[in-house]
Amino acid sequence: MLEINSRYNPKEVEEKRLKLWDKMKPFHATAKKSPKGAFTIMIPPPNVTGVLHMGHALNNTLQDILTRYKRMKGFDALWMPGTDHAGIATQNVVEKQIAKDGLTRDSLGREKFMERLWEWKKQNGDTIINQLHKLGSSCDWDRTRFTMDDNYSEAVKEVFVELYKRGLIYQGNYIINWCTRCETALSDEEAEHKDNNGNLWHIKYLFKDNPEEFVVVATTRPETMLGDTAVAVNPADERYTHLVGKTLILPLVNREIKIIADDMVDREFGSGAVKVTPAHDPNDFATARRHNLEFINIMHPNGLLNKNAGAFDGLDRFEARKRIVQALKEKGLLLKIDSHAHAIRRCYRCDTVVEPYLSKQWFVKMKPLADKAHAAFKMGKPRIQPKRWEKVYENWLVDIRDWCISRQIWWGHRIPVWYDTEGNPFVAKNEEEAKAQAKAKHGKDVPLKQDPDVLDTWFSSWLWPFATLGWPKENGDLKYFYPTATLFTAPEIIFFWVARMVMAGIEFMGEVPFEDVVLHGTVRDAKGRKMSKSLGNAIDPLEIIEEYGADALRFSMILNSGQDIYISKDKFEIGRNFANKLWNASRLVMMNTSPENRKADWNALHVIDLDITSRWILSRYQVALTEVSKAIEQYRYSEGINILYDFFWSTYCDWYLEMIKGKFADPATQQVASLVLRGVLKMLHPFVPFVTEEIYSQFKDQEIILTTEPWPVVEDEWRDKEADMAVGALIDITTGIRNIRAQWNIKPQDEVDCSFFAPSEKGLALLKANADIIKKLVRLGTLSFEIKERSVKNAASGIAGEIRYFIPLGGLIDLDKEKIRLQELITQQEKTASSIDARLSNEGFVKKAPPDVIDKERARMDDLRAKNSDLKKALASLV
RNA sequence: GGACGGUUAGCUCAGUUGGUUAGAGCAGUUGAUUUACAUUCAACAGGUCGUAGGUUCGAGCCCUACACCGUCCACCA
């Protein structure tokens, strides 16, 4: 195939490799197979909300690169795949879906609705796994997990019950973030702040005993006044101190409320007097508790006002706002309206304005968990890259607030709590245990009802690193593969997920679940906008795979990955072209080498037999290998692939292959060309697994699973300074001659008659006539010419073919310019050295400066002087 | 309001402790073809490194201020 097709066909090859991988299962990890130990990566489980997008493609490519690399390095590499049920998100999607048929979750009923959800999960979960698969992900597919698998649910229950026993889970009536559309509680993280241009309404509250006098309160949410039970002022505010304890009449409602004094009031804001609505504002809630105020809930869970709203009963909260403002205006109680920009919280799933709402929910007490995580972090666990996120992470741990974990939805893990008729909760892993507890309490069997609510999605996700390995059951895998090595994820979920996984890991496994956290950027379109369905700028990874191939997708993605990644469809051409280049270079080598030479190993090579070109490419190869390995270890994949791209395309193809084109008869050349190419294929394999494995197999005349082949070993003895310099000089000169040709304006049509490269009498004469100029441009050594009678197909590369044997050393330098430059540099450095010298002999400085500074300065001075002596030699050699 | 990041060629980005002439890819221009590859090759052109100061023999890199863009956090009604 390689020899026949001059165009790489990704579709055909990728299908073939996938089939083979499915059959051979090379990605299956077994505990204790390798002496090197385990290397584990847990996939951030994609939500079953939808199918994979480009962000996932990036995230999973990063994971795959490292997993494949470590596997080749000899580790028992496990990459655990799976999906997340994504509670509210998925439920919302399915609700929208059934809404098309005029159905709601209530009309369908819990059981039927759950069936629809499971259908959706089955369909999307499969699609996601299939997409991951097509991307070339080397996941251990047999271990695929879902956050609502039966045994995973066991882990969730175990954790809930255990935390309850440890006093870290409690139930309470608090102001929480309430989404009136989803009709569920949200955690603080799920209620996102978004800027909003609202108004600040200034309302007059009249005194009961003197309706001529009033207090002005300012509010951004006038409708909540219906639930006011006090007006608060700062106790130190002279304007109001004499009024504290007086009674006001709440407008529109005509309820009597008192003026109270509380420190929470900011004297500078608004009028300095603030209405207190305990049931609809977290601040007011706290104030009310301090002052034993009444809590008046004015709203139904769906955002419509309830009978406590009196005349406004049944209105939507925003409609009520309008009407109330209108009513106040009519009564002359609205003093003024200021425009006021401030942030309001919105539901992270449906963007509905979140209502602070008083309700009974379950919470996790976070402080003890966060303190442990913080202590671990101070020990460097986990490390976070890029480093700047460390502070963000740490701040969150320090400023932790309790986590509201109950959700009034159906899709998720049912809260493992049962209530008796009096409402006493029994926390247990199953109903039997709960019944037993209830019996113990009441002395007889009593009817129990399970909590209708489910747990926050993240309450299951935070167990992912160990629940996927079978916890709470002890087994060899859990011990062997936990903790994991690296977590690749997006910065958005550092609090939602990363921090909480650390807490759960410490609490239940006694160890932080991963060593490194690598936070990568967001995939955006060419204009820098986030890719989203609603904007219509999303690129479907499957479409790219179909058109350009998965290798091209991966290659281009990584090549473009800086902080955020700006991607447009044409970016994938470079990946496709690269795969094709790889294919064709391999064809060239394939067609010019014998099977034996192709398979030759390092020990078949003897440096004495090798010409300078071979020694050079082997040397460059070693450098590339060292650098690429280092880049991968340091998570600098973009740099790694750049090194490979440059080495393979520029060095190997454009120079090396062109140089050896006439020399393929030499067995050593065949061996070197093959050896280096095979090494390149191995190094590229983590990045572009399909094409590399296909070519590698054809090279070896057998099916090779490249993923289980060993990573190339750095052989330092093949570093060859002499060859590097010699060929480096040759390349300089060749490039120089190309430049000269351009400068002299030698057109290709002229070359037919008088070219250097297809020599004729005329060409030879031209070359000789200009020998002095060329010589002048060459530093160190003499350029000699010998024009061979040889037709050269490609003039550009022909230059290299012709003169390479005759240039021992040197480079292209303008002699005069070079002299001046060197002289300047020497002068400058001598100046520095002298100034340091002076400083070092200054007694005051020596006394004051710490010893390491003095050592450093002295070393710097010596270094400069040494460098200068080298430079002087170089200058002398030019003259 | 707080914290952080970015600003380098038309575009997307490298530039690791300050050190020779700031680099790539794409796009552009000009050329090449009995070719492994036109998904190719070569050459050219394109930069006051956001602005203003400072430290230094020397600054894209260090310091200060400012501007613009972006991200995260945040119970001022």
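All values below come from the heavy atoms of this structure, side chains included, with hydrogens, waters and symmetry mates left out. Everything numeric here is computed off the predicted structure, so don't read it as measured data. Residue numbering restarts at 1 for every chain, and letters A, B, ... go by the order of the sequence lines.
- Going from the P atom of B:A22 to that of B:G31 covers 29 Å, rounded to whole Å.
- In this structure, A:Arg7 fails the cation-pi test against A:Trp583, since its NZ or CZ atom is not both closer than 6.0 Å to the six-membered ring centre and inside 45 degrees of the ring normal.
- When rounded to the nearest whole Å, the span between CG of A:Asn580 and P of B:C41 equals 11 Å.
- The CG atom of A:Asp551 sits 12.0 Å away from the CG atom of A:Asn580 when rounded to the nearest 0.5 Å.
- Both A:Glu639 and A:Tyr645 lie close to RNA chain B; mapped to their nearest nucleotides by heavy-atom distance, the more 5′-ward contact belongs to A:Glu639.
- Side-chain N or O atoms of A:Ser339 include none that pairs as donor or acceptor with a backbone N or O of A:Asn199 at under 3.5 Å.
- Closest to the A:Asp266 side chain, of the nucleotides B:C72, B:C75, B:A77, is B:A77.
- If you take CH2 of A:Trp389 and P of B:G5, they are 11 Å apart, rounded to a whole angstrom.
- Distance from the side chain of A:Asn577 is smallest to B:U39 among B:C75, B:U39, B:A36.
- For an aromatic pair to be called close, the ring centres must be under 6.0 Å apart, and A:Phe496 with A:Tyr348 satisfies this.
- Side-chain nitrogen and oxygen atoms of A:Arg401 include at least one within less than 4.0 Å of the OP1 or OP2 phosphate oxygen of B:A74.
- Using modelled atom types, one finds a donor on one side chain and an acceptor on the other under 3.5 Å when comparing A:Ser650 with A:Asp646.
- B:G60 and B:C49 have their C1' atoms separated by 5 Å, with the value rounded to a whole Å.
- Using a 4.0 Å heavy-atom distance criterion, A:His340 is classed as a sugar-phosphate-only contact.
- Whole-Å rounding puts the A:Lys391 NZ to B:G2 C1' distance at 11 Å.
- If you take atom P in B:U40 and the same atom in B:A74, they sit 49 Å apart, rounded to whole Å.
- Among B:A77, B:U71, B:U39, the nucleotide with an atom closest to any side-chain atom of A:Thr219 is B:A77.
- In this structure, A:Glu573 places its CD atom 18 Å from P of B:U12, rounding to the nearest Å.
- When side chains are defined from C-beta on, A:Leu186 does not count as touching A:Trp178, because their heavy atoms never get closer than 4.5 Å.
- Between A:Phe578 and A:Tyr645, a ring centre-to-centre spacing shorter than 6.0 Å is recorded.
- Within 4.0 Å (heavy atoms only), A:Arg345 reaches sugar-phosphate atoms of the nucleic acid but no base atom.
- The interatomic distance linking A:Tyr652 (OH) with B:A36 (C1') rounds to 11 Å, in whole Å.
- Residue-level contact check: A:Ala579 touches neither bases nor backbone, having no heavy atom under 4.0 Å from any strand.
- Contacts of A:Phe578 with the nucleic acid, taken as non-hydrogen atoms under 4.0 Å apart, are absent.
- In the set B:U71, B:C75, B:A77, the nucleotide with an atom closest to the side chain of A:Thr220 is B:A77.
- Ranking B:C72, B:A36, B:C41 by closeness to the A:Ala585 side chain, first place goes to B:A36.
- Comparing B:A14 with B:G6, their P atoms sit 10 Å apart, to the nearest whole Å.
- For the OP1/OP2 pair of B:A14 and a distance below 4.0 Å, the side-chain nitrogens and oxygens of A:Arg636 include no atom meeting the criterion.
- Put simply, the side chain of A:Met54 reaches to within 4.5 Å of the side chain of A:Met557, judged on heavy atoms.
- Taking atom P in both B:C13 and B:A52, one finds a spacing of 24 Å when rounded to whole Å.
- Of the candidates B:A74, B:A77, B:U39, the closest approach to any side-chain atom of A:Arg576 belongs to B:U39.
- What separates CD1 of A:Ile574 from P of B:U39 is a distance of 14 Å, to the nearest Å.
- For the strand RNA chain B, secondary-structure stems (runs of at least three Watson-Crick or G-U pairs, all distances below 3.5 Å) span B:1-7 with B:67-73, B:10-13 with B:23-26, B:28-32 with B:40-44, B:50-54 with B:62-66.
- Of the candidate nucleotides B:C76, B:A36, B:U39, B:A36 has the atom nearest to the side chain of A:Cys653.
- Nucleotides B:U7 and B:C76 are separated by 34 Å at their C1' atoms, to the nearest Å.
- Each of A:Asp188 and A:Met591 has a nearest nucleotide on RNA chain B; the 5'-most of these lies closest to A:Met591.
- Nucleic acid contact for A:Trp649: sugar-phosphate only, since backbone atoms but no base atoms lie under 4.0 Å from a heavy atom of the residue.
- Between the side chains of A:Thr287 and A:Asp262, no donor N or O sits under 3.5 Å from an acceptor N or O.
- Of the C1' atoms belonging to B:U30 and B:C66, the separation is 44 Å, rounded to the nearest Å.
- Counted by atom type alone, A:Asp188 and A:Asn177 present one or more donor-acceptor pairs between their side chains at under 3.5 Å.
- In this model, the phosphate group of B:C41 is approached by a side-chain N or O of A:Lys581 to a distance below 4.0 Å at OP1 or OP2.
- If you check every strand for non-hydrogen atoms under 4.0 Å, A:Val274 touches a base.
- Whole-Å rounding puts the A:Arg289 CZ to B:C75 P distance at 18 Å.
- The nearest whole Å value for the distance from the CE atom in A:Met557 to the P atom in B:C26 is 19 Å.
- Taking 4.0 angstrom as the limit, A:His342 places none of its side-chain polar atoms (N or O) nearer than this to OP1 or OP2 of B:A74.
- Atom P of B:A24 sits at a distance of 11 Å from the matching atom of B:A43, rounded to the whole Å.
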